[in-house]
Participant: 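Just dropping this structure here.
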Amino acid sequence: MRWIAVLLFLATPVWAQVYPDYDRTTITDRADLLTDAQETALAVRLEGLRRDTGIEFAVLTLKSQAPYSAAQSLEDFATGLFNHWGIGNASRNDGILVLVLSEDRAMRIELGAGYARDWDRVSQNVVNRTFLPAFESGDYATGIADGVEDVIASIALPFSEGSAAPASDAEFGPWMVFIAILGSLMITGRRSVGDFFTRFQRCPNCGNRGLSRKRKTLVKATRNGQGSGEVTTRCSQCSYRDVRPYTISRISSSSSSGFSGGRSGGGGASGRW
């Protein structure tokens, strides 16, 4: 029987899938595209997002995909990596991964299975307007910082508040670039960035711009239970007022050391430069 086991071992494909390990659940910079200070600032930003919304957002940079899976497509590799790590809440599947391959000149935003496919279009807009212009000029640090802020403002925050993907966000392209730059300079200013973005959205009642948004925590999350809050959106041009509840994830004792078991169904967007 021993020789049968040996034969089975030798028959195992040498191309069996492997994935890199993460250094931390926020930023793993294996391609050395960021300074220590930039890594720390990004980690603080993403830790704050997880604390405030429960969304786990990871950034991974590699020089190339080849050492791990040369035969797979970028999309399949990102989905497999996302699921191997288990990014996001296991019931909401709201995790986000940004993968940057510097020598392959390729990147991807991978979304958890909880995001409807309409968010793929929003992801593609973020890739095209914020990540790629900086990467094309070789400024990876700016592309990552601004791109992450764009993902937070365009996808993470609206999704966490229960909003559907916008029907079209093409008209906000120039504004979103500015918002992303502003956000990267305001690493701990989550509410300011979100409120600034809201001002340029059209009121669903009167069609004018001038919305304001305010979040309020009703019940703080603890290690034993979820918290809750509400976000109120008002229009300065008419009587429009919308109040929506949102959930604040339970504080996990392992939040600093691991992900929560989320999965992706392959949603997101890719880019090459």
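Because the structure is a prediction, the values reported are computed rather than measured. Hydrogens, waters and symmetry mates are skipped; everything else that's a heavy atom, side chains included, is used.
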Participant: Of the non-hydrogen atoms in Cys238 and Asn205, which two are nearest, and what is the gap between them?
Facilitator: SG-ND2, 3.3 Å
Participant: What distance do Asn93 atom CG and Arg263 atom CZ have between them, rounded to the nearest 0.5 Å?
Facilitator: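 Between atom CG of Asn93 and atom CZ of Arg263 there are 5.0 Å.
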Participant: Is it the case that Arg92 and Ser160 place a side-chain donor and acceptor less than 3.5 Å from each other?
Facilitator: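 The answer is no; no qualifying pair exists.
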Participant: Between CG of Asp94 and OH of Tyr115, what distance do you get to the nearest 0.5 Å?
Facilitator: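 One gets 5.0 Å once the value is rounded to the nearest 0.5 Å.
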Participant: Hey, does Gln65 have a side-chain heavy atom less than 4.5 Å from the side chain of Leu74?
Facilitator: yes
Participant: Just jot down the salt bridge (Lys or Arg N to Asp or Glu O under 4.0 Å) partners of Asp120, sequence neighbours excluded, or say none.
Facilitator: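 In terms of salt bridge (Lys or Arg N to Asp or Glu O under 4.0 Å), with neighbours along the sequence ignored, Asp120 is linked to Arg117.
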Participant: Between atom CG of Leu33 and atom OG1 of Thr142, what is the distance when rounded to the nearest 0.5 Å?
Facilitator: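 With rounding to 0.5 Å, CG (Leu33) is 12.0 Å from OG1 (Thr142).
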Participant: Leu157 versus Leu49: any side-chain heavy-atom pair under 4.5 Å?
Facilitator: yes
Participant: Within a strict 4.5 Å, meaning less than it, do heavy atoms of the Ile96 and Ile87 side chains meet?
Facilitator: no
Participant: With a cut-off of 3.5 Å and sequence neighbours excluded, list every side-chain donor-acceptor pair involving residues 266-273.
Facilitator:
from   : atom 1 : to     : atom 2 : distance (Å)
Ser270 : OG     : Glu75  : OE2    : 2.8
Ser270 : OG     : Arg108 : NH1    : 2.7
Trp273 : NE1    : Tyr140 : OH     : 3.4

Participant: Walk me through it: do Leu211 and Tyr240 pass the test side chain to side chain contact (heavy atoms under 4.5 Å, CB included)?
Facilitator: CA-CA 9 Å; Leu211 295 177; Tyr240 175 78; 4.2 Å; yes
Participant: Start with the C-alpha gap between Leu62 and Phe77, add the side-chain angles, then the distance that decides, and say whether side chain to side chain contact (heavy atoms under 4.5 Å, CB included) holds.
Facilitator: CA-CA 12 Å; Leu62 299 172; Phe77 177 70; 4.3 Å; yes
Participant: Suppose we screen for side chain to side chain donor-acceptor pair (under 3.5 Å). Which residues come up paired with Ser91, at least two apart in sequence or across chains?
Facilitator: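 Testing Ser91 for side chain to side chain donor-acceptor pair (under 3.5 Å), a comparison that skips the adjacent residues, returns Asn89.
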Participant: Strictly by modelled atom types, are Thr25 and Glu56 linked by a side-chain donor-acceptor pair under 3.5 Å?
Facilitator: no
Participant: With sequence neighbours excluded, give me every salt bridge (charged side-chain N to carboxylate O under 4.0 Å, His left out) pair touching residues 227-246.
Facilitator: Asp242-Arg244
Participant: According to side chain to side chain donor-acceptor pair (under 3.5 Å), who are the partners of Asp118, at least two apart in sequence or on a separate chain?
Facilitator: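 Per chain and number, Asp118 pairs via side chain to side chain donor-acceptor pair (under 3.5 Å) with no residue.
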Participant: Heavy atoms only: give me the nearest Ala58-Trp85 pair and the separation to one decimal.
Facilitator: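 Here Ala58 and Trp85 meet closest at CB-CZ3, 4.4 Å.
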Participant: What I'd like to find out is whether the side chain of Val148 reaches to under 4.5 Å of the side chain of Val59, using heavy atoms alone.
Facilitator: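 Touching, per the 4.5 Å side-chain cut-off.
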Participant: What is the minimum heavy-atom distance between Cys206 and Cys235, and which atoms define it?
Facilitator: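 Closest pair (atom of Cys206, atom of Cys235, distance): SG-SG, 3.8 Å.
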Participant: Answer whether the closest heavy-atom distance between the side chains of Thr232 and Ser212 falls below 4.5 Å.
Facilitator: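 Thr232 does not reach Ser212 side chain to side chain.
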Participant: Identify, with sequence neighbours excluded, every residue that meets side-chain contact (heavy atoms from CB on, under 4.5 Å) alongside Glu103.
Facilitator: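 Only Lys63 meet the side-chain contact (heavy atoms from CB on, under 4.5 Å) criterion with Glu103.
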Participant: Determine whether Ile155 and Trp119 satisfy the following criterion, side chain to side chain contact (heavy atoms under 4.5 Å, CB included), listing intermediate values before the conclusion.
Facilitator: CA-CA 7 Å; Ile155 301 173; Trp119 290 104; 4.0 Å; yes
Participant: In chain order, what residues pass the side chain to side chain donor-acceptor pair (under 3.5 Å) check against Ser163, with sequence neighbours excluded?
Facilitator: none
Participant: Taking side chain to side chain donor-acceptor pair (under 3.5 Å) as the test, write out the residues that go with Arg30, two or more places apart.
Facilitator: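 In terms of side chain to side chain donor-acceptor pair (under 3.5 Å), with neighbours along the sequence ignored, Arg30 is linked to Asp23.
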Participant: Can you find a pair of side-chain heavy atoms, one from Glu149 and one from Arg45, that are under 4.5 Å apart?
Facilitator: yes
Participant: With distance as the sole criterion, is a donor-acceptor pair present between the side chains of Asp146 and Thr130 under 3.5 Å?
Facilitator: no
Participant: Using 0.5 Å steps for rounding, measure from the SG atom of Cys203 to the CD atom of Gln237.
Facilitator: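 Cys203 atom SG to Gln237 atom CD measures 8.5 Å (nearest 0.5 Å).
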Participant: Given side chains that start at C-beta, do those of Met107 and Ser102 come closer than 4.5 Å, heavy atoms only?
Facilitator: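 Heavy-atom side-chain distance check fails, nothing below 4.5 Å.
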Participant: Taking only residues two or more places apart in sequence, or in another chain, which ones meet Thr79 in a side-chain contact (heavy atoms from CB on, under 4.5 Å)?
Facilitator: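 Thr79 satisfies side-chain contact (heavy atoms from CB on, under 4.5 Å) with Asn83, Glu110, Ser264 once adjacent residues are dropped.
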Participant: Taking side chain as C-beta onward, heavy atoms only, is Thr61 less than 4.5 Å from Leu101?
Facilitator: no
Participant: Listed by chain and number, what are the side-chain contact (heavy atoms from CB on, under 4.5 Å) partners of Ser64, not counting sequence neighbours?
Facilitator: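 Ala66, Pro67, Asp104.
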Participant: To the nearest 0.5 angstrom, please state how far the CG atom of Leu42 sits from the CD atom of Gln38.
Facilitator: 9.5 Å
Participant: Taking side-chain contact (heavy atoms from CB on, under 4.5 Å) as the definition, give me every residue that meets it alongside Asp32, ordered by chain and number, with sequence neighbours left out.
Facilitator: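 Here no residue qualifies.
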Participant: Between atom CG of Asp29 and atom CG of Asp36, what is the distance when rounded to the nearest 0.5 Å?
Facilitator: 9.5 Å
Participant: Go through Glu47 and Arg24 one step at a time and tell me if the salt bridge (charged side-chain N to carboxylate O under 4.0 Å, His left out) criterion holds.
Facilitator: CA-CA 10 Å; Glu47 287 166 0; Arg24 46 186 169 182; 5.5 Å; no
Participant: Show the nearest heavy-atom pair for residues Arg202 and Gly207, with the distance to one decimal.
Facilitator: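 Shortest heavy-atom contact: NH1-O, 3.1 Å.
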Participant: Can you classify the ring geometry of Phe131 versus Phe135 as parallel (below 30°), tilted (30 to 60°) or perpendicular (above 60°)?
Facilitator: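 Answer is tilted, since the angle falls between 30° and 60°.
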Participant: One pair to check against side chain to side chain contact (heavy atoms under 4.5 Å, CB included): Val98 and Ile144. What are the steps and the verdict?
Facilitator: CA-CA 9 Å; Val98 167; Ile144 291 171; over 6 Å; no
Participant: For Val122 and Ser154, work out which heavy atoms get closest and say how close.
Facilitator: CG1-O, 3.9 Å
